[in-house]
Amino acid sequence: MIRVVLPAGLQLLAGCPREIEVEVHGAVSVASILDAVEDLYPMLKGTMREHDTGKRRPRVRFFANKTDVSLARLDTPLPAVIADGAEPLLVVGAISGG
């Protein structure tokens with residue numbers, strides 16, 4: 001099982017805990033993980049990536065094994081520690097201030 005840590009706003013929207021587990025068949029990438037998350041929690045569709053293009057939303061970041069993978073292609077394979085569930089994929093909402 002793949003572990004995913006969601007930001008508070010998405011947890012509230014989905015009514016789920018901070019960390020969820022999803023099953024991914026095939027290559028483990030941000031895209032395949034988001035597909036699994038959105039299948040489990042359909043109300044999250046469009047919150048982390050655009051509906052029409054599938055691209056990452058500008059104010060959402062993804063971290064795999066303490067590395068920011070937000071700018072990589074979403075179908076890029078993630079490290080084995082994510083695929084085997086040893087480490088979670090972190091979904092982080094940008095923090096702005098002024």
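Counting from 1, the numbers follow the sequence of the chain as shown. Bear in mind the structure is a predicted one, so any value in this text is a computation, not a measurement. Reckoned from all heavy atoms, side chains included, excluding hydrogens, waters and symmetry mates.
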Residues 25-46 vs salt bridge (charged side-chain N to carboxylate O under 4.0 Å, His left out), sequence neighbours excluded, gives Asp35-Arg49, Glu38-Arg49
Residues at least two apart in sequence or cross-chain that pass side-chain contact (heavy atoms from CB on, under 4.5 Å) with Leu13, listed by chain then number, are Met43, Leu44, Thr47
Close side-chain approach of Val4 and Val22, heavy atoms under 4.5 Å
yes
Those residues at least two apart in sequence (or on a different chain) that pass side-chain contact (heavy atoms from CB on, under 4.5 Å) with Leu71 are Arg56, Arg61
Could you give the side-chain donor-acceptor pairs of residues 24-31 under 3.5 Å, partners two or more places apart or in another chain?
from: Ser29; atom 1: OG; to: Ala31; atom 2: N; distance (Å): 3.4
from: Ser29; atom 1: OG; to: Ser32; atom 2: N; distance (Å): 3.1
from: Ser29; atom 1: OG; to: Ser32; atom 2: OG; distance (Å): 3.4
from: Ser29; atom 1: OG; to: Leu74; atom 2: O; distance (Å): 3.4

Minimal heavy-atom distance between Ser70 and Asp68, with the atoms involved, is OG-OD1, 2.6 Å
Connected to Met1, directly or through other members, by ILVMFWY side-chain contacts below 4.5 Å are none
Residues pairing under salt bridge (charged side-chain N to carboxylate O under 4.0 Å, His left out) where one sits in residues 3-14, two or more places apart or in two chains, turn out to be Arg3-Glu19
So the side-chain hydrogen bond (donor to acceptor under 3.5 Å, both in side chains) pairs with at least one residue in residues 4-16 (sequence neighbours excluded) are none
Under a side-chain separation threshold of 4.5 Å, the hydrophobic residues clustered together with Phe63 are Val5, Leu90, Val92
Kindly indicate whether the side chain of Leu78, heavy atoms from C-beta on, has any atom under 4.5 Å from the side chain of Ile33. yes
For residues 71-81, the salt bridge (charged side-chain N to carboxylate O under 4.0 Å, His left out) pairs (sequence neighbours left out) are Arg73-Asp75
With sequence neighbours left out, the residues meeting side-chain hydrogen bond (donor to acceptor under 3.5 Å, both in side chains) with Arg18 are none
Sidechain-backbone polar pair: Asp84 side chain, Ala86 backbone, donor-acceptor under 3.5 Å: yes
The side-chain contact (heavy atoms from CB on, under 4.5 Å) partners of Pro77 (sequence neighbours excluded) come to none
Side-chain heavy atoms of Ile20 within contact of Tyr41, under 4.5 Å: yes
